[in-house]
Amino acid sequence: MPTPSGPAPSGRLPARPGADSAGAAPSAGAARPDGYRAVFAVPEFRYVFAAHLLSSLGVVVCEIALSVLVFRLTASPLLSALTFALGLLPYVVGGTLLSAVADRYPARRVLVGCDLLCALAAAGMVAPGTPVVVLLVLRCVLAAIAPVFAGTRAATLGEILGEGELFVLGRSVIRIVNQSAQLAGFAAGGLLLTVVSPAAVLALTGGAFLGSALLLRLGTLARPARDAAPGAARGALLASSLGGARLLLADRRLRALLLLTWLPPAFVVIPEALLVPYAGLLGTGPAGMGLLMCSMPLGAVLAESLVGSFLGPRARTRLTFPMGVFAVLPSLGFAAQPSLGWAVLLLALTGTGIAYNFGVDRWFVAAVPDALLGRAMTVMQAGRMTVMGLAMGLAGVAAEYAPLRLVMPAAGVLGAVCVVAVIFEVRRTEPGRDRTFPGPDRTSPGPDRTSPGSVRGPAGPVARTEK
């Protein structure tokens, strides 16, 4: 169990004994034939993986159980559907107002605290006689905590695995868990609800959060906060969070990478958001509906696993731009109103576009200053979920006034134009060009990257030029 005496130093830590004497992670340019096995060879990551698996299943099962519970209490389809919408929209609150938590406090303390708060929220949902409005508020609490937890965990992966190849593969494992939990969670939640009450299922989700907190507490190192400034220098939490977001968005390179992270998912979810009416248009039963809903996550898991296992860092980086554009193109096929089988294929192909994240993750973490890393990853996650929620809502509005065979392909056309425009901006802000960020340029090597006190390796500049 990786719990040595005393706290671990902050910053990017060597993930394996093969790191150099300065503490740098192995170069991202080096091929890693062992792929994901190298990630799971890091004991601390195994605890993070197990905790993430538990909490992800807990979130998905909680959404299902809460939706069923609200419907039974109110008989209102609107309020039942609102429980799912509230899983996305409050992300902007936690991501903008609380993002400084990820850097201001020790990561392990933040992660364990978030899990405990989620467990308390689940317990509140289980309490007898809890009003529906309180249930929805507690759902918002879970959603507001989620980006802080995700951003802190993502920044911690940089410390556990280093900045290079292992970090990219570790982030890939997290995405695979997210997609797999969506599939397994819906199946498990549906089966559990046929046997026990929604309240009992919610109690189990609370237990999942507690299990995740225990794993993180026992299996991860106690590292100091990344923002080591004294309390007076750091300022108020809200001001620090908003100030960090402004700094990130003021930097042209980071702004372009954030947009590249946000835009493809925003357009990808539009066909997914309209699957219920599309299934009705095809006249498929519940089995057909379930097949359509599973297609995109299955395609994502398959592509992520294959690309991470069989392609090297250079090849994965070169896929970033093509796959970012490709992700939004299959929705063009819905102009022909395809049958169930072809629709499943189009959705599965859409899911494969997730592979573009390999390159974006590498470039983004190399460009963000250490003191802002937690806030940056929190803003990234919050922005992605927020734009996805907005896109789903706008797709529903559009489908009220236009046929699905127009709305779904229109998302592909508009998405391709927007993604290509952002790709040109990312290219224009390549390393070596002028930057507007007031802090150090981490994309080019310098004394701070190789000094004895530094734990940063050469992964950043190597990765950022492999295009």
Side-chain angles (χ1 to χ4, degrees), residues 56 59-60 62-64 66-67 70-71 76-96 136 139-140 142-144 146-147 150 175 178-179 181-183 185-186 258-259 261-281 289-290 292-297 299-300 324 327-334 343 346-351 353-354 357 380-419:
S56 296
V59 168
V60 175
C62 178
E63 288 179 346
I64 301 170
L66 185 59
S67 179
V70 168
F71 183 75
S76 169
L78 174 61
L79 290 177
S80 179
L82 189 59
T83 62
F84 284 98
L86 291 176
L88 293 177
L89 298 181
Y91 263 73
V92 70
V93 177
T96 56
L136 296 179
R139 181 68 188 97
C140 288
L142 290 176
R175 290 193 296 270
N178 290 338
Q179 298 295 329
Q182 184 177 344
L183 296 171
F186 279 121
L258 284 171
L259 288 174
T261 303
W262 295 342
L263 286 181
F267 290 101
V268 161
V269 298
I270 290 178
E272 190 175 30
L274 299 175
L275 286 183
V276 172
Y278 190 77
L281 186 65
M289 167 64 69
L292 287 172
M293 297 295 289
C294 291
S295 300
M296 197 177 295
V328 302
L329 296 181
S331 60
L332 297 175
F334 284 95
L346 289 174
L347 292 168
L349 289 174
T350 300
I354 197 173
N357 284 288
M380 174 196 279
Q381 177 71 6
R384 178 189 290 129
M385 300 302 288
T386 300
V387 298
M388 287 170 63
L390 291 174
M392 288 179 177
L394 292 174
V397 172
E400 288 287 328
Y401 300 98
L404 294 177
R405 61 184 179 83
L406 294 181
V407 175
M408 298 167 85
V413 174
L414 182 59
V417 172
C418 292
V419 173

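Heads up: numbering here begins at 1 and tracks the sequence.
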Considering all heavy atoms, the nearest Thr350-Pro330 contact: OG1-CB, 3.3 Å

Atom of Val268, atom of Ala327 and distance for their closest heavy-atom approach: CG2-O, 3.6 Å

For Phe267 against Ala411, the heavy-atom pair lying closest together: CD2-O, 3.5 Å

Step-by-step side-chain contact (heavy atoms from CB on, under 4.5 Å) determination, Leu332 to Val413: CA-CA 7 Å; Leu332 297 175; Val413 174; 3.5 Å; yes

Closest approach of Ser331 to Pro271 (non-hydrogen atoms, all atoms of both residues): CB-CG, 3.6 Å

With sequence neighbours excluded, residues passing side chain to side chain contact (heavy atoms under 4.5 Å, CB included) with Ala279: Thr284, Met289, Leu292

Check: Asn178 and Ser56 side chains under 4.5 Å, non-hydrogen atoms: yes

Sub-4.5 Å side-chain heavy-atom contact between Leu346 and Phe334: yes

Closest heavy-atom pair and its distance - Ala395, Ile270: CB-CG2, 3.7 Å

For Pro264 against Leu259, the heavy-atom pair lying closest together: CD-O, 4.2 Å

Greater than 12 external heavy atoms within 6.0 Å of Arg175's CZ: yes

CE-CG distance between Met385 and Leu390, expressed to the nearest 0.5 angstrom: 11.5 Å

Steps toward side-chain contact (heavy atoms from CB on, under 4.5 Å) verdict (Met296, Leu275): CA-CA 11 Å; Met296 197 177 295; Leu275 286 183; over 6 Å; no

Any Leu142 side-chain heavy atom under 4.5 Å of Cys62 side chain: yes

Side-chain heavy-atom pair Gln179, Ile354 within 4.5 angstrom cut-off: yes

Interatomic spacing from CE in Met380 to CH2 in Trp262 - rounded to 0.5 Å: 9.0 Å

Main-chain N/O of Glu63 paired to Ser67 side chain as donor or acceptor, under 3.5 Å: no

